[in-house]
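Notes follow once the structure below has been shown.
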Amino acid sequence: MKCQRFLSIPIFAVLLLMGFICYITVFIFIDDWVGLQSSAGSLNVLIFTVLASLWLFSFSSCVLIDPGYTPASYIPDVEDSGVSDEEPKKNVIQSRRCDKCSTYKPPRAHHCRVCRKCVLRMDHHCLWVNNCVGYWNYKAFFTLVLYATIGSLYSTTIIITWALQKDWEFSGSGSLKVFYVTCAVTMAALTLTLGTLLGCHVYLIIRNMTTIEYYEAIRTEWLARKSGQSYRHPYNQSVYKNITSYYEAIRTEWLARKSGQSYRHPYNQSVYKNITSVSLSLSLSLSLSLSLSLSSYMCVCL
């Protein structure tokens, strides 16, 4: 059962951290800053609750959605692989067979030692979601990092704004000050960590690379420079084409219908996965709108 993936200590730690951040942000800092009953407090609570809900939805999707395992019935197309007639096709097929799970690996697929399966367009195995990050759930992983970064930045901004406006001469005991400072430092460190991770994956998206391919490219580029040659990632076309590569299926279907043929996307598996993918796209657009509204609102408050 996929729900058994939630029975993991790292996942419990993530959920506990999310609950702790939501509690201190809403019931401590927002309440002490502007009050929960005021219009500004209600608006801040609403925005943060929406961000936290999107955060939790993306996290659950990343845990439950399979990364995309290589089908057991997959056989590589030797005719389109550019193999010359002199080379035995049997050796080419055997070279694409995984030594660990004995299945054929499509391009950009890698074997996960934890899942013990070959994953399509594998990025990495994430301990915090107890799942591999691959073709099917990479969008959920990216939106998870995006919402976590925005939510942490929002909470950190509230803490800093509250600290600048608070009268520290009448703020209470020293232990309370230590608690507030600890929360501020923790949230700032978490925001910096998540922001760095988000920046890394934005870089990978615009280069059309996975984390595994990135580290492989570093070694390949070093060997190429050592031999006096140049190296370019084979899947890196341009920033625009890399970003819009996920929407290529729409254009392919339109061309097929125009020529009177039928088209079925090769990665179309289930209604649940398709609906989840669309929901993640819509939630991504919603998060960008919320971030712009949040920036404008915080500027007015400050």
Side-chain angles (χ1 to χ4, degrees), residues 1-8 10-11 14 58-77 80-81 92-146 197-198 200-220 233-236 242-243 245-249 264-281:
M1 295 294 294
K2 297 180 181 181
C3 294
Q4 293 180 353
R5 296 174 183 171
F6 285 100
L7 302 178
S8 172
I11 289 185
V14 172
S58 300
F59 179 77
S60 302
S61 300
C62 195
V63 174
L64 295 176
I65 297 177
D66 289 333
Y69 300 114
T70 302
S73 58
Y74 171 77
I75 298 178
D77 190 358
D80 297 335
S81 60
V92 177
I93 295 179
Q94 290 297 330
S95 64
R96 296 185 181 181
R97 182 185 290 270
C98 180
D99 298 332
K100 300 179 178 61
C101 60
S102 299
T103 58
Y104 295 108
K105 293 194 298 184
R108 312 185 76 176
H110 295 274
H111 183 85
C112 178
R113 293 177 295 179
V114 180
C115 300
R116 297 180 181 181
K117 294 181 180 180
C118 287
V119 180
L120 299 172
R121 204 178 186 273
M122 178 180 175
D123 189 86
H124 68 286
H125 184 91
C126 185
L127 176 68
W128 303 107
V129 298
N130 195 22
N131 195 9
C132 262
V133 178
Y135 180 85
W136 271 112
N137 62 349
Y138 182 79
K139 185 183 294 184
F141 176 79
F142 180 78
T143 53
L144 167 63
V145 178
L146 176 63
L197 181 61
L198 177 63
C200 292
H201 280 276
V202 170
Y203 172 80
L204 293 177
I205 289 177
I206 64 178
R207 295 290 299 272
N208 198 7
M209 302 173 68
T210 64
T211 302
I212 296 177
E213 293 172 350
Y214 171 75
Y215 287 106
E216 290 179 348
I218 294 178
R219 181 177 181 274
T220 306
H233 184 58
Y235 298 100
N236 183 18
N242 294 337
I243 295 177
S245 61
Y246 295 100
Y247 304 96
E248 185 66 23
R264 177 181 175 84
H265 192 268
Y267 292 100
N268 183 17
Q269 294 186 355
S270 64
V271 177
Y272 167 74
K273 292 182 179 180
N274 298 334
I275 295 177
T276 306
S277 178
V278 174
S279 301
L280 289 172
S281 301

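Since the model is a prediction, treat every value here as computed from it, not as a measurement. Heavy-atom basis, side chains included; hydrogens, waters and symmetry copies ignored. Numbers here are sequence positions counted from 1.
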**Message:** As a quick check of understanding, evaluate side chain to side chain contact (heavy atoms under 4.5 Å, CB included) for V145 and L198, giving each step before the final call.
**Reply:** CA-CA 6 Å; V145 178; L198 177 63; 3.8 Å; yes

**Message:** side chain to side chain contact (heavy atoms under 4.5 Å, CB included) for V119 and Y135? Distances and angles first, verdict last.
**Reply:** CA-CA 8 Å; V119 180; Y135 180 85; over 6 Å; no

**Request:** Please test C115 against Y69 for side chain to side chain contact (heavy atoms under 4.5 Å, CB included), starting from the C-alpha separation and ending with a verdict.
**Result:** CA-CA 10 Å; C115 300; Y69 300 114; 4.1 Å; yes

**Item:** For F6, all residues meeting side chain to side chain contact (heavy atoms under 4.5 Å, CB included), sequence neighbours excluded
**Value:** I11, F59, S60, V63, L64

**Prompt:** Shortest non-hydrogen contact from Y214 to M209?
**Reply:** CA-CE, 3.3 Å

**Item:** Any donor-acceptor pair under 3.5 Å from N130 side chain to R5 backbone
**Value:** yes

**Message:** Treating D66 as the side-chain partner and W136 as the backbone partner, does any N or O pair qualify as donor plus acceptor under 3.5 Å?
**Reply:** no

**Request:** Go through the structure and list residues passing salt bridge (charged side-chain N to carboxylate O under 4.0 Å, His left out) with R108, not counting sequence neighbours.
**Result:** E213

**Request:** List for me each residue that meets side chain to side chain donor-acceptor pair (under 3.5 Å) alongside H110, sequence neighbours excluded, and say none if there are none.
**Result:** none

**Message:** According to side chain to side chain donor-acceptor pair (under 3.5 Å), who are the partners of S8, at least two apart in sequence or on a separate chain?
**Reply:** none

**Item:** CG-OG distance between N131 and S61, expressed to the nearest 0.5 angstrom
**Value:** 11.5 Å

**Request:** Drop me the distance from T211's OG1 to Y138's OH, to the nearest 0.5 angstrom.
**Result:** 6.5 Å

**Item:** Residue list, side chain to side chain contact (heavy atoms under 4.5 Å, CB included) with C101, at least two apart or on another chain
**Value:** C98, T103, H111, C118

**For Y235, ring-ring contact (aromatic ring centres under 6.0 Å, His included) partners two or more places apart** = H233

**Request:** Applying side chain to side chain contact (heavy atoms under 4.5 Å, CB included), run through I205 and N242 and close with a yes or a no.
**Result:** CA-CA 7 Å; I205 289 177; N242 294 337; 6.0 Å; no

**Request:** Could you tell me how the ring of F141 sits relative to the ring of H201: parallel (under 30°), tilted (30 to 60°) or perpendicular (over 60°)?
**Result:** perpendicular

**Prompt:** Taking only residues two or more places apart in sequence, or in another chain, which ones meet H125 in a ring-ring contact (aromatic ring centres under 6.0 Å, His included)?
**Reply:** none

**Asked** Distance from M122 atom CE to T210 atom OG1, nearest 0.5 Å?
**Response** 9.0 Å

**Message:** Looking at every heavy atom in both T70 and Y104, which two are closest together, and how far apart are they?
**Reply:** CG2-O, 3.0 Å

**Prompt:** What pairs with N137 under side chain to side chain donor-acceptor pair (under 3.5 Å), at least two apart in sequence or on another chain?
**Reply:** none

